[in-house]
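Sequence lines set the chain letters: A, B, ... in the order given, protein chains first and strands last, and positions in each chain run from 1. On a predicted model such as this, the values are computed, not experimentally measured, just so you know.
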Protein chains: 2
Amino acid sequence: MTRPVRRTVRDLRRGNRAVLLRSLYFGGPASRNELSATTGLSAATVSNMTGDLLGENVIVEAGQVDSDGGRPRMLLRVNPEYGFAVGVDVGETHVRVELFDLDMKERAKVEYALRTARHEVELVVRHIIAGIDVVLAEGGVSARQVLGVGVGVPGIVESGPEGLVQAKTFGWEGVPLKALLREGTSLPLFVDNGAKTMGQAELWFGSGRGAGNAVIVFLGSGIGATLVTDGTTYRGAASAAGELGHVKVTIGGRACRCGGRGCLEAYAGAEGILDRAGIHVDAADEERALAALVKQGSPVVDETIAYLGIGLANMIHLFDPERVVIGGWAGLILGRERLDDIRAVVADNCHVHPLPPGAIVLGSLGPDAVALGAAALVVEDFLSDSGAARTPAAV
Amino acid sequence: MTRPVRRTVRDLRRGNRAVLLRSLYFGGPASRNELSATTGLSAATVSNMTGDLLGENVIVEAGQVDSDGGRPRMLLRVNPEYGFAVGVDVGETHVRVELFDLDMKERAKVEYALRTARHEVELVVRHIIAGIDVVLAEGGVSARQVLGVGVGVPGIVESGPEGLVQAKTFGWEGVPLKALLREGTSLPLFVDNGAKTMGQAELWFGSGRGAGNAVIVFLGSGIGATLVTDGTTYRGAASAAGELGHVKVTIGGRACRCGGRGCLEAYAGAEGILDRAGIHVDAADEERALAALVKQGSPVVDETIAYLGIGLANMIHLFDPERVVIGGWAGLILGRERLDDIRAVVADNCHVHPLPPGAIVLGSLGPDAVALGAAALVVEDFLSDSGAARTPAAV
DNA sequence: GAAGATAATGTAAGTGTAAAAAAAAGTCAT
DNA sequence: ATGACTTTTTTTTACACTTACATTATCTTC
């Protein structure tokens, strides 16, 4: 029973500072007066606190707007160059490393293909470490300016100093990824499941914007989901929440690579779909093959949608989200052609508390969202704990 | 995106007061010194705040323990008679009203049978209002001493001033129960789904004690679940979370009274089980009939366990709880005979992140837990907002 | 059985927070 | 220029928690 803990006046200030910074980050440029209104803090406190933040160069002035009678308002915004975040997407076929500024503008990017079927940990770690150096050099950013590195990987990621990863499909069992990366870099590390990092990206910058309770579904080779409760990701007791891929959609049923039977992933995961359609291509061609199959139509695709709809409906019954976002490369392929059919199947399986069909939407960030979301983990940390200890590169 | 809001020094004190009171409530009698350790507050603040609470009679002294050298510690505890809570269980066959003190000791109880198949709202409301008067009189408690009335009902309960209830199985659609009760009493009202109030009871006082992330399943005529995240009940965007009864466990399948097909409730709800076994009795005899059926064994019961296991496994995949509690009258009947089988089916359907079998347990409060949990809603409010405005009966 | 040790609790002063009030700075209309 | 009005900054005030110290109460030792 995790209970709230005592707070001191110091915590109060830290918390209010985070509230202020957060509303400046998401509320675009704003004047002190607007900030006072949105945060509920008094004008005096806002003035005091923005003074600090300006001094630390965390925020900067962003022009002023004319007033109609009165002192013109000076707009403030988060300094996009106060720090940078690295996002890493470890996928089935590649390792992608990207550098973002605080505006989430991409500053540099590098990608390494994973050709072997086996995903050796050492190789992935080497790619990530090398990738960080490459994007920093390319982006002209020094390590001291980097607020952290976010990494999205398949499988279940335990929080904790080791960052243990369980990813059967990758052949990873209890891989201490965070600890391994720690040997190659001293930057703050944030490792999480790729479906969850994509979810974070869609939640902040994509189709999930503004939702307090949402589910963001990742459909790729595997299937995962991000459960958003009160604006933050729910991870469960052992960070294993949202394993939508292994929800059973039929008794018995196809064998899944997890060892179970009847898992959604065996039907609606990209490999499950292609396999059932009798198409066997290697990983790099899956995307093209799936797009063709969905485009031309097939009973297998219809069946996929039926199973997917059941899986989503079950999740809706348990979770009662206000919105469901479908993302991931396979999800986007499927959704672009057949979103209305998906909505219809879900509606057909939700009687007690139907979700408006418009609440099921496609992700708007494309398949690159995993790396973006990984970087967003870094920004999340920055916003809740802005410069508490660290003071990088006050340029 | 519900975001944290600004706080003032007043909120700080309120919050710390709630932390203190909560740890006193759940941490049994404790000395000021122990409180200082558990809450993290300084001894001075604890002393200051307990002084206030003693003055308001919210807490009382509870004897002292000998020291081995030094001033003996004075134990403090929440005053069980500071206030009282009424808990109401609106079930398919009865309306039960109970009065509890803050120690959750039952002080009085009254039950009204619902004989008609139709559950007229007016009748239920009349029973509740009358029941409150009866238990207060019987318990020798004045209305001013009552902190509130908690009501557990079937169906989905919207939070809000109206307390709209959607309970198709009851024939209630959009019944403003809270508003109707408000006409009969001026006591604070807390209306929630019965499965959720039972969940609250098991969480605080039963098999859920100490769990931060847990799922408490209610099996009765209908099926519901309480999802506990970080020690508090998760309600979802429209208070409809935890509708485990309408998760689909098979495609097509039996028609459910919700209008869908293949719902878990149609297989593992008491009526679903009896129906499939070809047993037709009226509501009052369902309990006996089900107990007999489970005792003697039947392929229908085996099948029920298979479906229930699938439903639980799906929930575990999505929520990743550390514990699953099975309660409700039908759940207790089923679980007492077949808990190990249920555990086995769940284990067989959870491969990616197996739950230890011991994490699935039976509820320990018996079938009366709905009313107890409803009263616990009142206590929950009291603990988070102790005497903020109200000051009843400072005896 | 008195003196000192030990421990819980209470009091006072100090620090740091946000709110409220007041002042200053800036703009437009007259 | 002057005044009305708005935004921002500064000053003052109230208050919550901590630290440091005082007080109270019991046990142990000589």
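- Two residues are said to be in side-chain contact when any heavy atoms from C-beta on lie closer than 4.5 Å; A:S36 and A:L41 fail this criterion.
- Distance from the side chain of A:V9 is smallest to C:dG16 among D:dT9, C:dT9, C:dG16.
- A:M74 has its CE atom 15 Å from the P atom of C:dA25, to the nearest Å.
- Among the protein residues, A:N48 comes within range of no part of the nucleic acid, since none of its heavy atoms lies under 4.0 Å from any strand.
- Side-chain contact between B:F382 and B:L102 is present, with at least one heavy-atom pair separated by less than 4.5 Å.
- The side-chain heavy atoms of A:R17 and A:L21, taken from C-beta on, include no pair separated by under 4.5 Å.
- When each of C:dA8, C:dA19, C:dG16 is scored by its nearest atom to the side-chain atoms of A:L41, the top-ranked nucleotide is C:dA19.
- Proximity note for B:A44 (side chain, C-beta onward) versus D:dT7, C:dA12, D:dA16: the nearest is C:dA12.
- Side-chain proximity of A:S47 to the nucleotides D:dT10, D:dC17, C:dT9 is greatest for D:dT10.
- Across the protein-nucleic acid pair, B:E61 atom CD and C:dA8 atom P stand 16 Å apart, rounded to whole Å.
- Remark: C1' of C:dT9 and CG of B:L76 are 11 Å apart, rounded to the nearest angstrom.
- Among the heavy atoms of the strands, none lies under 4.0 Å from B:A43.
- Residue-to-nucleotide proximity on DNA chain D shows that, of A:T8 and A:N33, the 5′-proximal contact is made by A:N33.
- If you take CG of B:D11 and P of C:dA18, they are 12 Å apart, rounded to a whole angstrom.
- A salt bridge links A:R22 with A:E380: the closest approach of a Lys/Arg side-chain nitrogen to an acidic carboxylate oxygen falls below 4.0 angstrom.
- Considering only side-chain N and O atoms, A:T45 lies under 4.0 angstrom from the phosphate OP1 or OP2 of C:dA19.
- The CG-C1' distance, from B:N16 to C:dT17, rounds to 14 Å in whole Å.
- Distance B:M49 CE to C:dT9 P: 15 Å, rounded to the nearest Å.
- Checking D:dA16, C:dT17, C:dT9 against every side-chain atom of B:R73, the shortest atom distance belongs to C:dT9.
- Aromatic ring orientation, B:F319 versus A:Y234: tilted (interplanar angle from 30° to 60°).
- The CZ atom of B:R32 sits 11 Å away from the P atom of C:dT11 (whole-angstrom rounding).
- Note: CZ (B:R14) to C1' (C:dT17) measures 16 Å, nearest angstrom.
- At the phosphate of C:dG16, neither OP1 nor OP2 sits under 4.0 Å from any side-chain N or O atom of A:R13.
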